[in-house]
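Proteins come first, then strands; the chains are lettered A, B, ... in the order of their sequence lines, and each starts at number 1.
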Number of protein chains: 4
Amino acid sequence: MPRKSTDERRQEIIQGLLEAMSEHGYAKASIKKIADAAGITPGLIHYHFDSKQAILLALVDELVTPQVAALEELARTADSPTAALMAMIDHLLAMGDAAQPDAVAAWVSVGAEAIREPDIAAAYSESLARLLGLFSDVITDGQQAGEFSTGDLNAHACAAALVAIMEGYFTIAASAREHIPPGSAAPATRRMARGLLDLPAE
Amino acid sequence: MPRKSTDERRQEIIQGLLEAMSEHGYAKASIKKIADAAGITPGLIHYHFDSKQAILLALVDELVTPQVAALEELARTADSPTAALMAMIDHLLAMGDAAQPDAVAAWVSVGAEAIREPDIAAAYSESLARLLGLFSDVITDGQQAGEFSTGDLNAHACAAALVAIMEGYFTIAASAREHIPPGSAAPATRRMARGLLDLPAE
Amino acid sequence: MPRKSTDERRQEIIQGLLEAMSEHGYAKASIKKIADAAGITPGLIHYHFDSKQAILLALVDELVTPQVAALEELARTADSPTAALMAMIDHLLAMGDAAQPDAVAAWVSVGAEAIREPDIAAAYSESLARLLGLFSDVITDGQQAGEFSTGDLNAHACAAALVAIMEGYFTIAASAREHIPPGSAAPATRRMARGLLDLPAE
Amino acid sequence: MPRKSTDERRQEIIQGLLEAMSEHGYAKASIKKIADAAGITPGLIHYHFDSKQAILLALVDELVTPQVAALEELARTADSPTAALMAMIDHLLAMGDAAQPDAVAAWVSVGAEAIREPDIAAAYSESLARLLGLFSDVITDGQQAGEFSTGDLNAHACAAALVAIMEGYFTIAASAREHIPPGSAAPATRRMARGLLDLPAE
DNA sequence: CATGAATGAGCGTTCATTCAT
DNA sequence: AATGAATGAACGCTCATTCAT
């Protein structure tokens, strides 16, 4: 007679890691702290996950999937590639601006952890690939529609540049938010995207 | 006279941390690993540094100061604000592109560590402030010279945007380099800077 | 249900510290030695106690509380203040004489540790205050009953003198027992108490 | 060409230990701290002393010898055994009262250290023996002069009792001075000595 | 499913002692 | 006689993981 379903428990544990990580970083987010944040006991963590790293991998998916879905939806419902791109930028930068500080901090920790853990690196890389693919598609659409021109750069390089901006804003937002004038990230990024893609000024 | 001077040893230890950190991240860059990388015994580390964190703070300075000096030199010797800005972008992005992978990886770890360690956060924030100041000065110069126009954004917000790009490219370069087409970072950033500052295409 | 209850383990650890301390002093009573004495592994110590100092604080309470209770009982059931005082002296000095050499040695280490550790000093001071209070009450009772006379000294100063004798005998018993003729501590102290309180010789 | 004589250096080191010990206790009085307190470098310590323990043994002698000499002088110049005893009590308790807090704290640490170090125990025991001998002599003199009567106790037991008081006052003075009313130690001890030795009240 | 005591390896740090200079 | 860098063992403590209950 299960007190809670496996899926629910896994969700709680993942959220516990998110909470612990945003406060202490991954290395110091101990199983005990994760368990406390999830409102369960330490022993139960390893019943639902093989290892601490497995929770992190699940968290990466948890962080990325809804964003990708939201961006896809934005791209699909936009009137034009330009409108789609601007909507995507606004959506992503809103996160860094303040909307989900825990998720942003956790994401930065994931990027750092990826330096030394191949499994995390793979998940991180795949997550970036998903984002890159979305931007790449929109840029290709815009090129074919004659809205965008990318000079010597291909669509992939331009997509990487846009993802880099997002990553950069997230990094600074996580550790030195005071250096980002509130509300400036999205407009600045839109201006930069216009330069990148040869769009006329707004 | 001691067997080696304190300054030499401190340098070796700082480089040992850089090496260990770029491979394992800060948390797993143990005193033992740092000592091995520096070719000394663990006990000696704490003869020269009060704590592991003190080494990291010294490393942050070591990483940032020469870059800031180089950027200042570039800004001073450039013919125009536009030329200065482009030279600075090229210089910084060259690092991320491949020139100093260890330093880039270490820097990303610093950003992540800053999330939870106030002292590191302070050093990280100050380092960003130094970079931001340089960009901010160039942008202000360009505005006054009539070369740049920043729309609704002030110089600081534009500087933050450029620093964010750099941070973002570094983050991706450290963990998922395969997503950055080699050689694309600097040209893409130059295009974005043109959009940000209302410069005509090259 | 865990393998052993927290209370049982805490007791075993406290006793392990008592054992290790009486043999090696507090500083050299390492977590490893405490664990060995308690028959457990070192890691478990910090599951049950936050720090080594926390064990010491628990031990101080463990040492003092039963003695205070015993002295209170003696004071309560004695026929007169004089009888109460003599019973208390006999009870306390019996410890130093030989009855609990481990506890006496540990207590001396606590006093020394109190010199440099404010938390230990507070616990030590409070323990002394409890003993002093008991003696002070008995002396005040004796004064009011016309049995004791303390000259220029107040009850508190006389209580302090009696507690000092006890501390002194404990100190010598712990490190240089050969200098205390067996069985002499209590009679000598009774004679001194008579002088202190103007009691006629037995 | 010696910059300072060996004897001077040894003295400085012993005083350095006294200073470091009274502040940090023996275990935490590191060679570095002793050297700092002595105004020399760590390496020099082991040129003048074989080990840290050897300094402590020298310190014990340093602490006790002048007191013993002073007490001998007091005993020799006193008009009577009673006067001698009271002068000795006043002299010793003046230390605990406030005169030399560093020495008192160090002495208590020596007593605690004696629990676990046989060599320290031997030195501590010998120091106590010297004090005991002095008191024992005076008491024997007083008995022979018909001034003192010690009941069932022999002179040694009475001497031990007086030394215990001193040790006890020192212990409390070192860690919980607030419990000793200032100026009360000597008068209280004189009253106790009168009871111990069947002297009439002052 | 769930608990929480238990393990053991590793961590950052301290330090008495040694020794090249 | 003196320096201060260097060593290596020990320390208190943390923690992912295991497992009896």
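- In terms of phosphate contacts, B/Thr41 brings no side-chain nitrogen or oxygen within less than 4.0 Å of OP1 or OP2 of F/dA6.
- Nearest to the side-chain atoms of B/Leu44 among the listed nucleotides F/dC11, F/dA16, F/dA6 stands F/dA6.
- With A/Leu63 as the partner, the side chain to side chain contact (heavy atoms under 4.5 Å, CB included) test is satisfied by one option alone out of A/Leu59, A/Val60, A/Asp61: A/Leu59.
- Between D/Tyr47 and F/dA1 there is a side-chain N or O to OP1 or OP2 distance below 4.0 Å.
- Along DNA chain E, the nucleotide nearest B/Lys33 and the nucleotide nearest D/Ala29 are compared for position; the residue whose nucleotide lies closer to the 5' end is B/Lys33.
- If you check E/dT3 for Watson-Crick or wobble pairing at under 3.5 angstrom, you find it paired to F/dA20.
- Proximity note for A/Ile40 (side chain, C-beta onward) versus F/dT17, F/dG4, E/dT3: the nearest is E/dT3.
- One finds no side-chain N or O of B/Arg9 lying less than 4.0 angstrom from the OP1 or OP2 phosphate oxygen of F/dG4.
- A donor-acceptor pair shorter than 3.5 Å can be found between the side chains of C/Gln11 and C/Glu62.
- For F/dT14, neither phosphate oxygen OP1 nor OP2 lies less than 4.0 angstrom from any side-chain nitrogen or oxygen of C/His46.
- A/Ile31 comes within 4.0 angstrom of a nucleotide base, judged by non-hydrogen atoms across all strands.
- At whole-Å resolution of the value, NZ in D/Lys32 and C1' in F/dA6 are 15 Å apart.
- A sub-4.0 Å separation between OP1 or OP2 of F/dA1 and a side-chain N or O of D/Thr6 is present.
- The side chain of C/His48 contributes no N or O atom lying less than 4.0 Å from OP1 or OP2 of E/dG4.
- By the 6.0 Å contact criterion, NZ on B/Lys33 is enclosed, its count of non-hydrogen atoms from other residues, nucleotides or ligands being greater than 12.
- Whole-Å rounding puts the C/Asp36 CG to F/dA10 C1' distance at 14 Å.
- Rounded to an integer number of Å, the gap from B/Phe49 CZ to E/dT14 C1' is 18 Å.
- The interatomic distance linking A/Ile55 (CD1) with F/dT17 (C1') rounds to 12 Å, in whole Å.
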